[in-house]
Amino acid sequence: MTPTTETMVGIGGAAESTDMVLNIGPQHPSTHGVLRLKLVLDGERIVRAEPVIGYMHRGAEKLFEARDYRQIIMLANRHDWLSAFSNELGVVLAVERMLGMEVPERAVWLRTLLAELNRVLNHLMFLGSYPLELGGITPIFYAFREREELQHVMEEVSGGRIHYMFNRVGGLKEDLPAGWTTRARAVVADIRSRMDRFDDLVLGNEIFRGRTRGVGVLSPQAVHAYGVSGPIGRASGVDFDLRRDEPYLAYGELADVLKVVTREEGDCLARFECLLEQTHNALDLADACLDRLAELPPGPVNQRLPKVLKAPEGHTYAWTENPLGINGYYLVSKGEKTPYRLKLRSASYNNIQALTELLPGTLVADMVAILGSMFFVVGDIDK
């Protein structure tokens, strides 16, 4: 076998026995932000792939140690900017567990409702942007129309369009505005009535199916090895969802509505189908939460807290099923008003590692299809 050497080149070819090293990003439209992929190519085929991360690292875990338990919520909701409410949720659940605090029932159901609406917002972004990366421009306009309607109701209740800052230790910031549940129910019904556009326009498109079927197959063994979770893991046949398998909030009472969507193929198409079907189910869960809230009597949505909030000495781990996968917080307290340590386990950080196994052996043309189907947020990787 002829020995090969690596040569870093910009454009053009090289000798037959030389592999080309190609940098995709960090400033490239198909990398969803400042993610860099270092690819070693043999002609048009990828031999080796290395994700290079850290371009958006802001040291969130270190900043947690210099903020009190109210202030860290602001830091926590920013790493996955498409899932801000769910990010906040993990932090407050960890602190409440340390304090042994019971949250009012109304707040529990409201949190569940808002978490599912946030899930729909997250998934709509990828349902529109993924076909765009494969040449289909129309779905992104439909996705943003639905997102805009949903963001109106989220903004009305929280005051924020992206970073909601609505969770508090002990519950929520405040109760709902008058008539909000009626408007939220109408928006959920409107979005559901138009979701078939994604079924017909995208899944019914033979070019989209040709670009995604059988491409970027992720095995269940790789899912377990890399800690892949969320729709990406379930698309490979790994049937795991914390909302069902370790219920938190009100999910234990929603078992008859909650549907864990799985596929066996593990390819790009399966990942998209999981995301789409999970969006349908999130709308059903939102309706079930609205029905339950209508039955509850008026009551508080938070607890009275001391002016200086201190968690007792100890440690705990709280994890939630975020839209993109498992999001976990390991909290260590020394009895002070700030965490001694708060370790963040984000979904995208683990999911993106699988690219080192997914990309080798595929063509450069399929790289964009595979990368887009990983449904990641760069801030969620870099933290």
Side-chain angles (χ1 to χ4, degrees), residues 1 4 6-14 16-53 126 129-136 202-203 205-238 263-275 324-325 348-376 378 381:
M1 181 178 177
T4 60
E6 282 190 6
T7 303
M8 182 76 75
V9 296
I11 56 173
E16 289 184 7
S17 61
T18 303
D19 290 333
M20 182 172 77
V21 178
L22 181 66
N23 282 291
I24 305 292
Q27 303 293 343
H28 193 278
S30 71
T31 58
H32 299 260
V34 284
L35 171 70
R36 175 182 160 210
L37 285 177
K38 184 180 176 184
L39 306 178
V40 178
L41 307 178
D42 180 10
E44 284 290 309
R45 200 163 292 279
I46 299 171
V47 177
R48 194 162 66 249
E50 178 190 353
V52 182
I53 65 172
F126 290 107
S129 68
Y130 186 46
L132 180 65
E133 291 165 11
L134 299 180
V202 183
L203 287 181
N205 186 293
E206 62 183 57
I207 299 175
F208 179 84
R209 299 184 78 88
R211 290 290 307 275
T212 55
R213 188 193 287 114
V215 175
V217 177
L218 185 65
S219 68
Q221 293 76 21
V223 168
H224 291 301
Y226 287 96
V228 174
S229 59
I232 302 169
R234 291 190 284 273
S236 295
V238 179
R263 293 289 186 276
E264 297 298 326
E265 296 83 0
D267 56 9
C268 295
L269 181 60
R271 290 191 277 275
F272 187 85
E273 287 176 344
C274 275
L275 200 76
L324 300 182
S348 299
Y349 181 80
N350 283 69
N351 292 354
I352 211 68
Q353 295 179 75
L355 286 174
T356 57
E357 187 154 325
L358 268 180
L359 290 177
T362 63
L363 297 172
V364 176
D366 291 329
M367 183 271 298
V368 176
I370 295 169
L371 192 63
S373 73
M374 297 306 285
F375 309 129
F376 62 89
V378 174
I381 302 170

Practice task
Walk me through it: do Tyr226 and Leu218 pass the test side-chain contact (heavy atoms from CB on, under 4.5 Å)?
Solution key: CA-CA 11 Å; Tyr226 287 96; Leu218 185 65; 5.8 Å; no

Handout entry: Pair Phe272-Leu203, side-chain contact (heavy atoms from CB on, under 4.5 Å): steps then yes or no
Key = CA-CA 9 Å; Phe272 187 85; Leu203 287 181; 3.8 Å; yes

Exercise for the section: Under the side-chain contact (heavy atoms from CB on, under 4.5 Å) rule, what do Thr212 and Tyr130 come out as? Steps first, then yes or no, please. Expected result: CA-CA 11 Å; Thr212 55; Tyr130 186 46; 3.4 Å; yes

Practice task
Could you give me the CA-CA distance, side-chain angles and deciding distance for Phe375 and Asn351, then say whether side-chain contact (heavy atoms from CB on, under 4.5 Å) is met?
Solution key: CA-CA 9 Å; Phe375 309 129; Asn351 292 354; over 6 Å; no

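Interatomic distance, Ile46 CD1 to Thr362 OG1, rounded to the nearest 0.5 Å: 4.0 Å. Rounding to the nearest 0.5 Å gives a distance of 5.5 Å between CG of Leu35 and CD1 of Ile381. Considering CZ of Arg271 and CD of Glu265, their distance stands at 11.0 Å, rounded to 0.5 Å. Rounding to the nearest 0.5 angstrom, the gap separating the CD1 atom in Ile370 from the CG atom in Leu358 is 6.0 Å. In this structure, CZ in Arg48 is found 10.5 Å from CG in Leu41, a value given to the nearest 0.5 Å. Between the CD1 atom in Ile232 and the SG atom in Cys274 there is a gap of 10.0 Å [rounded to 0.5 Å].
Considering every non-hydrogen atom in both Asn350 and Gly227, the closest pair reads CB-O, 3.5 Å. When every heavy atom of Gly214 is checked against every heavy atom of Asp267, the shortest pair comes out as N-OD2, 2.7 Å. Heavy atoms only, all atoms of each residue included: Pro51 and Leu37 are closest at CA-CD2, 3.8 Å. Taking all atoms of both residues into account, the shortest heavy-atom contact from Gly266 to Ser236 is CA-OG, 3.6 Å. Here the closest heavy-atom approach between residue Val228 and residue Gly233 is recorded as CG1-N, 3.8 Å.
For Arg45, the side-chain contact (heavy atoms from CB on, under 4.5 Å) partners at least two apart in sequence or on another chain are Leu363. Residues meeting the salt bridge (Lys or Arg N to Asp or Glu O under 4.0 Å) test with Arg263, sequence neighbours left out: Glu273, Glu277.
Each of Leu359, Val21, Asn23 was checked for a side chain to side chain contact (heavy atoms under 4.5 Å, CB included) with Leu39, and the lone residue meeting it is Leu359.
Taking the side chain as every heavy atom from C-beta outward, Ile24 and Leu371 never approach each other to under 4.5 Å.
Sequence neighbours left out, not one pair with a member in residues 357-368 passes salt bridge (Lys or Arg N to Asp or Glu O under 4.0 Å).
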